[in-house]
Amino acid sequence: PAWKNKTFWFFNYEGVRNFTPRTSIFTAPTEAQRRGDFSQTLDPQGALIRVYDPFSTRPDPARAGRFLRDAFPGNVIPQRRMDPVARNLLETFVPLPNRPGDPLSGTSNVARVLTAENPIDNFTIRLDHNLGKKHRLFGRWSRTKKYELQPQDVEVGGNHFVNLLQHSVGLGDTIAL
């Protein structure tokens, strides 16, 4: 007690550090695909996935309302047709495969452990004062700070982040009759 049998105080701090790892498995372009070479890109059944030239699209004369287009020769997109900004984004943000992936399609070729962070800090202070045997006052203030960081598989635009700061106050005046 601050004043014997009159004023009492209380302080509390709580801190929680919560880190939650999770395994993430996803598909990223291979080095050959990053160069535009899709000659080894297969579907789950082992069939070649054709890459078509969007600039070759034209109406199909045999079927009204339908269109034809040509595949890139050798299923390789020419370097001059690859956008340098897109290539830079790919090189900067998308990881290279670090595992073989599916035996036919090569999918699920990246495995990473991503760790979510959720720290919480809470402070509380309370003061009680007895004005007399039948009259008491109290005041309390609490502050909670919490943030959540959820990393993404591909960090384009950054991670998901939430920041919360909360204050609460409580006051009381008790008179016994």
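Hydrogens, waters and symmetry mates are skipped; everything else that's a heavy atom, side chains included, is used. All values reported here derive from a predicted model rather than from experimental measurement.
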Next on the checklist: Restricting to non-hydrogen atoms, name the atom on Ser39 and the atom on Gly74 that form the minimum distance, rounded to 0.1 Å.
Outcome noted: CB-O, 3.5 Å
Checklist entry - Under the 3.5 angstrom rule, does the side chain of Gln152 hit a backbone N or O of Gln150 as a donor-acceptor pair? => result yes
Next on the checklist: Please check this pair: side chain of Asp121 against backbone of Gly15, looking for a donor-acceptor N/O pair closer than 3.5 Å.
Outcome noted: no
Item to check | Cluster check Leu114, Leu96: I/L/V/M/F/W/Y, side chain < 4.5 angstrom | outcome: no
Checklist entry - Would Asp153 and Ser24 satisfy side-chain contact (heavy atoms from CB on, under 4.5 Å), going step by step from the backbone distance to the final call? => result CA-CA 7 Å; Asp153 293 332; Ser24 176; 2.3 Å; yes
Next on the checklist: Apply side-chain contact (heavy atoms from CB on, under 4.5 Å) to residues Lys134 and Leu177 and explain how you reach the verdict.
Outcome noted: CA-CA 7 Å; Lys134 296 185 175 187; Leu177 301 175; over 6 Å; no
Item to check | ILVMFWY cluster, Val94 and Phe26 together (side-chain gap under 4.5 Å) | outcome: yes
Checklist entry - Is it true that the side chains of Thr20 and Arg22 contain a donor and an acceptor less than 3.5 Å apart? => result no
Next on the checklist: Is the shortest side-chain heavy-atom distance between Phe38 and Gln33 below 4.5 Å?
Outcome noted: yes
Item to check | Check against side-chain contact (heavy atoms from CB on, under 4.5 Å), Asn130 and Phe8 | outcome: CA-CA 9 Å; Asn130 296 326; Phe8 303 88; 3.7 Å; yes
Checklist entry - Does Leu90 belong to the same Ile/Leu/Val/Met/Phe/Trp/Tyr cluster as Val154, with side-chain heavy atoms less than 4.5 Å apart forming each link? => result yes
Checklist entry - Can you name the closest pair of heavy atoms from Pro119 and Glu117 and give their distance? => result CD-C, 3.6 Å
Next on the checklist: What I'd like to find out is whether the side chain of Ile120 reaches to under 4.5 Å of the side chain of Tyr147, using heavy atoms alone.
Outcome noted: no
Checklist entry - If you round to the nearest 0.5 Å, how far is CG of Asp43 from CG of Leu104? => result 8.0 Å
Mind listing the side-chain donor-acceptor pairs of residues 44-55 below 3.5 Å, one per line with the distance, residues two or more places apart or on another chain?
| from | atom 1 | to | atom 2 | distance (Å) |
| --- | --- | --- | --- | --- |
| Asp53 | OD1 | Phe55 | N | 2.9 |
| Asp53 | OD1 | Arg81 | NH2 | 2.5 |
| Asp53 | OD2 | Arg81 | NH1 | 3.2 |

Next on the checklist: Within the 4.5 Å heavy-atom criterion, are Trp9 and Arg126 side-chain neighbours or not?
Outcome noted: no
Checklist entry - Between the side chain of Ser56 and the main-chain N/O of Asp70, is any donor-acceptor distance below 3.5 Å? => result yes
Next on the checklist: As a quick check of understanding, evaluate salt bridge (charged side-chain N to carboxylate O under 4.0 Å, His left out) for Lys6 and Asp128, giving each step before the final call.
Outcome noted: CA-CA 8 Å; Lys6 285 281 191 187; Asp128 288 83; over 6 Å; no
Next on the checklist: Measuring from atom NZ of Lys145 to atom CG of Asn122, what distance do you get when rounded to the nearest 0.5 angstrom?
Outcome noted: 13.5 Å
Item to check | Exercise: identify the closest heavy-atom pair between Leu171 and Gly139 | outcome: CD2-CA, 3.9 Å
Next on the checklist: If you compare all heavy atoms of Pro151 against all heavy atoms of Ala116, which two are closest, and at what distance to 0.1 Å?
Outcome noted: CD-CA, 3.9 Å
Checklist entry - Would Arg140 and Ser168 satisfy side-chain contact (heavy atoms from CB on, under 4.5 Å), going step by step from the backbone distance to the final call? => result CA-CA 8 Å; Arg140 178 199 42 83; Ser168 67; 3.1 Å; yes
Checklist outcome for this item: Pro95 and Arg112 have their tightest heavy-atom pair at CG-NH1, 4.3 Å
Item to check | Arg136 atom CZ: more than 12 heavy-atom contacts under 6.0 Å | outcome: no
Checklist entry - Between Val169 and Ile125, is there a shared hydrophobic cluster once you connect ILVMFWY residues whose side-chain heavy atoms come closer than 4.5 Å? => result yes
Next on the checklist: Side chains of Leu127 and Thr7, heavy atoms from C-beta outward: is any pair under 4.5 Å?
Outcome noted: yes
Item to check | 4.5 Å side-chain heavy-atom contact, Leu165 and Arg143 | outcome: yes
Next on the checklist: Whether the side chain of Glu91 engages the backbone of Asn88 through a donor-acceptor N/O pair (distance < 3.5 Å, no angle test) should be reported.
Outcome noted: no
Next on the checklist: Is it the case that the side chain of Thr27 and the backbone of Ser108 share a donor-acceptor pair, with hydrogens and angles ignored and the cut-off at 3.5 Å?
Outcome noted: yes
Item to check | Separation of Arg35 CZ from Ile77 CD1 (nearest 0.5 Å) | outcome: 12.5 Å
Item to check | NZ or CZ of Arg58 within 45° of Phe67 ring axis and under 6.0 Å | outcome: no
Checklist entry - So do Phe19 and Arg17 actually touch side chain to side chain, heavy atoms under 4.5 Å? => result yes
Next on the checklist: Is the ring pair Phe123/Phe11 parallel, tilted or perpendicular, if the boundaries are 30 and 60 degrees?
Outcome noted: tilted
Checklist entry - Distance only, no hydrogens: is a donor on one side chain within 3.5 Å (strictly under) of an acceptor on the other, for Thr107 and Asp102? => result no
Item to check | Pro29 backbone acceptor or donor facing Arg34 side chain under 3.5 Å | outcome: yes
Item to check | Glu148 side, atom CD; Asn18 side, atom CG - distance, nearest 0.5 Å | outcome: 10.0 Å
Checklist entry - Counting heavy atoms not belonging to Gln79, are there more than 12 under 6.0 Å from its CD? => result yes
Item to check | Glu14 side chain reached by Thr124 side chain, heavy atoms, under 4.5 Å | outcome: no
Next on the checklist: Counting C-beta onward and ignoring hydrogens, is there a side-chain heavy-atom pair between Leu68 and Pro61 closer than 4.5 Å?
Outcome noted: yes
Next on the checklist: If I take atom OG from residue Ser105 and atom CD from residue Gln40, how far apart are they, to the nearest 0.5 angstrom?
Outcome noted: 13.0 Å
